[in-house]
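For reference, the structure is listed below as structure tokens.
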Amino acid sequence: MIGSKLKEVWICIKSGVVTAPYPLGPPPQPLPEGFRGRVEIEVEKCVGCGGCANVCPAQVFQIKDLAQDFRVIEIYRERCTYCGRCEEVCQEGAVRLTPEFELATNDKADITDQLEIFMASCQRCGRCFKPVNKVLDRMMETGFRT
Ligand code: SF4
Ligand code: SF4
């Protein structure tokens, strides 16, 4: 019993300090590769497919269709568990988990966003259409208006 405890102590001493003193000291730099911080959507790349909202277990993304050709994605970052599923599923590379991690705030508005996505619609019938040669052609149409 005592022998095994001494062995544990020896292993701990031998491995040295493996944690950073943050927040008492500066955060470790550079951050490890693949670090998952604040989630961001690049609105220029987003096609409004809703894939990120479909896979997010914490319902960070709320999609609202305010008009036939106008989709709004609301982002509630306080719910995020940093699982990274949204980044994996976005075929347009529009979702990114940035290195930003100091997100504590007294104002919820700091971590909430509202993105406006223009959805192309047919000039004849007014309905949304799937852009030619876009990744949407290869995707299931869950969440996509026809
Ligand atoms: S999965 Fe990507 S393209 Fe689709 S709505 Fe989300 S951010 Fe936009
Ligand atoms: S990292 Fe996970 S919890 Fe956070 S927004 Fe993406 S899918 Fe949702």
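Values below: all heavy atoms of this structure, side chains included; hydrogens, waters and symmetry mates excluded. Residue numbers count from 1 along this sequence. Note that ligands are numbered from 1 as they come in the structure, with each ligand's atoms numbered from 1 the same way.
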(request) For V47 and ligand 1, answer yes if some heavy atom of the residue is under 4.0 Å from a ligand atom, otherwise no. (result) yes
With atoms numbered from 1 as shown, which atoms in ligand 2 lie under 4.0 angstrom from a non-hydrogen atom of [X]?
X	result
F61	5 (S)
G84	1 (S), 2 (Fe)
C83	1 (S), 2 (Fe), 3 (S), 7 (S)
C80	1 (S), 3 (S), 4 (Fe), 5 (S)

Can you tell me which residue and heavy atom of the protein come closest to [atom], and the distance to 0.1 Å?
atom	value
atom 7 (S) of ligand 1	V95 CG2, 3.3 Å
atom 1 (S) of ligand 1	C52 N, 3.3 Å
atom 5 (S) of ligand 1	G50 N, 3.2 Å
atom 8 (Fe) of ligand 1	C46 SG, 2.3 Å
atom 4 (Fe) of ligand 1	C49 SG, 2.3 Å

[X] side chain to [Y] backbone, donor-acceptor under 3.5 Å:
X	Y	result
E87	L97	yes
R85	P57	no
R79	V60	no
R71	G48	yes

(request) Just let me know how V60 lines up against ligand 2, side chain, backbone, both or neither, with a heavy-atom cut-off below 4.0 Å. (result) side chain
(message) Just to be sure I read this right, does ligand 2 sit under 4.0 Å from the backbone of Y82, its side chain, both, or neither, counting only heavy atoms?
(response) backbone
(request) Check whether any N, O or S atom of C86 sits under 2.8 Å from atom 2 (Fe) of ligand 2. (result) no
(request) Take F35 and F101 through the test ring-ring contact (aromatic ring centres under 6.0 Å, His included) and record every step on the way to the result. (result) CA-CA 9 Å; F35 183 87; F101 63 91; 5.7 Å; yes
(message) Please give me the minimum heavy-atom distance between I63 and G50, naming the atom from each residue.
(response)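 Smallest interatomic distance, heavy atoms only, reads CD1-CA, 3.4 Å.
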(message) How close do C86 and V39 get, counting heavy atoms only, and between which atoms?
(response) SG-CG2, 3.9 Å
(request) Determine, for R96 against E42, whether the closest basic-nitrogen to carboxylate-oxygen distance falls under 4.0 angstrom. (result) no
(request) Answer yes when R38 and E40 have at least one side-chain N-carboxylate O distance shorter than 4.0 Å, and no when they do not. (result) yes
(message) If the contact criterion is a heavy-atom separation under 4.0 Å, does T81 count as touching ligand 2?
(response)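 T81 counts as a contact of ligand 2 under the 4.0 Å cut-off.
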(message) Against F61, only a single residue in D113, I75, L115 fulfils side chain to side chain contact (heavy atoms under 4.5 Å, CB included); can you say which?
(response) I75
(request) Measure from atom 2 (Fe) of ligand 1 to every heavy atom in C90, C56, A53 and give the option owning the shortest one. (result) C90
